[in-house]
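Just so we're clear, the structure is a prediction, and the values are computed from it rather than from any experiment.
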Amino acid sequence: MSTLQTLKTFINQRLTVAVEEIFGLLETTISNYEEEINRQRRLIEDERSEFLIKKADMQQAMRFRVIIDHDIKKITFQNDIPSSVEDFIKVFKQAFSITTDISLQYKDADFDDFFTLTSTSDLKDKDTLKVVHMPPGIIMTTVPHERNPDNSDVSSVDDLLSADSQDNLIPSPPATERQHLWPALFPIPIFSYNTEMALRQGNEKFLKDGTLLTIPSIKSDILERLAETMFSYTAYPNDPQRAAVAQALIEKHPCLREPGSFNGCYGWQQSLKYKCGNYRSKLKAHGNPELIINTLKHKQEGDRKPAKNVKKPRKSEVNYLPPHPVGETDSSLENVRLELIAMSKIQDNGQMINDMMSRTYSCRRREVVGQSVQIAEFKERWPALFDPLQINEEFRRCNTIPLESTFISQLDGYMPKFLELFRSKGGAVGQRMKTVLTDLIQDPHASVMKKRDVTLRCLIEYMGESVQDLISDYYKTAENKVLEDLQTQGMRIYVCHQPHAVGIIIDGIPVLMGLDNMPEACCLLLGLTYALNLDYPPKLAKTFEVFQRLFVGLDTLQPKPTSKYINLKNRLLT
């Protein structure tokens, strides 16, 4: 019994120790699990906090799709957007180097159309905004004026304006002129009430079961309103423009898609082609000069064929041949022209000259488009035009956008990419450009003006053309000797070094002298081709294509650009 009792005591002791060890291990395990759970909880809380912070940042960051003329860009606001529309516009002007007055429009999802932005609270992330260039106009600000007790006469508004301020005022364009370029996204107009109701019901049915609208009676109204809206941008829309209108139509009203068309709107394109022709025929009866000039009876005997010598915009001119301002006639504008010649000889009357030039714009266009006058004769008839300020203004009258500020800002924006592209160019063209780029390599702190000069010279070579066909450099040569040497040149910029002189020659006639630099001369020469309705020099057509399409942003929907330009644009965007 003693042995059994001893064994029993021993077993009890071992069991007690084992239970204690098991409970100790269990407590340790539970403690470890609790620590691990707490650690995981802390990690989850940290990750959640980080996620909330990122989410808050994402909520604050707002991105917008921006339409500027023919370009589509993107802008991101990291720390919320400005509360006022004025500050919002200032950010846009600074971000995209816009120097003119603008307004902003946002695309409303409910109406699928653009509305003027009046409050930034209307905006959401990834909204589409459109920049609208506002035409310059006369802005008068009235201020409190104390009445002189010794003078009972009331001062007129003209007396409140200083002479300097009057010189800087730019009149609004006449109502007969077009105000806008062809838009990047064509705005589908509002049709008649019956048509809009039919389209509304048709779109609802299309979204439900895909039923297309087949009411022939509304097609005529749609085409008529579209042709009228298209004419407000251009009298002669081309194929890409008609395609853009047809595409915009079926996007806004999907019930109008054509089941048998490869793109759903080819039939609309063809219908618009004929409708625009019919619409032009109707307007000819009202004496629209842009259309009458192409009628057979207004053509010369050798050109009396419908498709021969058609005079229409070929460089995306907006106001190619506008009618006279309301109340003006050929005789009244001729009197203004004679007064303008006298006024151009008097200094400090810039505002009056600018106003008279605006009034007579339609008269000048009839001469340069319809009569093709010689440069020397035209300079005698319109001496005020051959001034840098008026060339800029004439370009604005023709195309609604500022010339020099747009040209230079685009040149400066692309300049770093241009120089990088030119330095990497090989072959014979690369060697010719390297001789020009040497000036920048030797002077790393070269001025912006020098960089512009080098960039434009290299650009001409890059486009496969010769600098000598556009720019003539002279060293230690008097300007009068230079003018004699260039009497046989059709279109040329001369740059004199020691003494400094820059000018422009057209048909052997010095049309501009005393310019500051060669880039300014290139810009003003482009303006003169529009003001005088000149063709681009055949040997420099690709260079002027870059000036027009890239630097000024015109003609993006005209026939396909050259392969040289497409290659350049692709390389600049990569």
How about E334: does its CD atom have over 12 heavy atoms from other parts shown lying under 6.0 Å from it? yes
Taken in chain and number order and not counting sequence neighbours, the residues that satisfy side-chain contact (heavy atoms from CB on, under 4.5 Å) with K282 are E224
Any side-chain heavy atom of N354 within less than 4.5 Å of one from E393? yes
### Message
Between V66 and F92, is there a side-chain heavy-atom distance shorter than 4.5 Å?
### Response
yes
- Are V318 and H180 side-chain neighbours, meaning at least one heavy-atom pair lies under 4.5 Å? no
I'd like to check Q241 versus M230 (side-chain heavy atoms, cut-off strictly below 4.5 Å). Are they in contact? no
key: Pairwise side-chain contact, L554 with K315, heavy-atom cut-off 4.5 Å (strictly under)   = no
Checking side chain to side chain contact (heavy atoms under 4.5 Å, CB included) for the pair N392/F407: CA distance, chi angles, key distance, verdict?
CA-CA 11 Å; N392 277 276; F407 187 100; over 6 Å; no
More than 12 heavy atoms of other residues, nucleotides or ligands under 6.0 Å from NZ of K130: yes or no? yes
(Q) If only side-chain N and O atoms count, and only distance matters, is there a donor-acceptor pair under 3.5 Å linking S472 with R492? (A) yes
**Prompt:** Counting distance only, does the side-chain N/O of H500 pair as donor-acceptor with the main-chain N or O of D516 below 3.5 Å?
**Reply:** yes
Item to complete: Before accepting this row, confirm whether a basic side-chain N of the pair D535/R314 lies closer than 4.0 Å to the acidic partner's carboxylate O.
Response: no
- Query: Is a side-chain N or O of R366 found less than 3.5 angstrom from the main chain of L321, in a donor-acceptor match?
  - Reply: no
Between N349 and M343 (side chain of the first, backbone of the second, donor and acceptor by atom type, cut-off under 3.5 Å), is there such a pair? yes
* Could you tell me whether the side chains of T400 and R396 share a donor-acceptor contact shorter than 3.5 Å? => no
field: Atom NZ of K73 with >12 non-hydrogen neighbours under 6.0 angstrom
entry: yes
Rounding to 0.5 Å, atoms CG (L573) and NZ (K569) come to a distance of 5.5 Å
(Q) Donor-acceptor pair, distance only, cut-off 3.5 Å: does the side chain of E465 make one with the backbone of T543? (A) yes
- State, without any angle test, whether D355 and S358 hold a side-chain donor-acceptor pair at a distance under 3.5 Å. no
### Task
Give the intermediate values and the outcome of side-chain hydrogen bond (donor to acceptor under 3.5 Å, both in side chains) for residues Q390 and R397.
CA-CA 10 Å; Q390 283 306 317; R397 298 178 191 113; 3.1 Å; yes
So does K107 pair up with D127, basic N to acidic O under 4.0 Å?
no
Ring-face cation of R178 near F231 (centre distance under 6.0 Å, axis angle within 45°): yes
### Query
Any side-chain donor paired with an acceptor under 3.5 Å for Y536 and E545?
no
- Query: Does K312 pair with E290 as a salt bridge, N-O distance under 4.0 Å?
  - Reply: no
In this structure, is the centre-to-centre distance between the rings of Y474 and Y494 below 6.0 Å? no
Taken in chain and number order and not counting sequence neighbours, the residues that satisfy side-chain contact (heavy atoms from CB on, under 4.5 Å) with L117 are V85, F88, L104, Y106, L123
| field | Short N-O contact, D473 and R457, less than 4.0 angstrom | value | yes
- Query: Can you check whether W182 and F186 have ring centres sitting under 6.0 Å from each other?
  - Reply: yes
Quick check on K90: does its NZ atom have over 12 non-hydrogen neighbours (other residues, nucleotides or ligands) under 6.0 Å away?
no
- Given side chains that start at C-beta, do those of I505 and M491 come closer than 4.5 Å, heavy atoms only? no
* Asked: Looking at R359 and E328, does any basic side-chain N land under 4.0 Å from a carboxylate oxygen?
  -> yes
query = Are any non-hydrogen side-chain atoms of H497 and K476 less than 4.5 angstrom apart?
reply = no
Sorted by chain and residue number, the side-chain contact (heavy atoms from CB on, under 4.5 Å) partners of Q487 (sequence neighbours excluded) come out as E484
Do N399 and Y320 have side-chain atoms, one donor and one acceptor, less than 3.5 Å apart? no
- Message: Counting neighbours of NZ on K284 that are heavy atoms of other residues, nucleotides or ligands and sit closer than 6.0 Å, is the number greater than 12?
- Response: yes
Between the CD1 atom in I506 and the CG atom in L528, the distance rounded to the nearest 0.5 Å is 4.5 Å
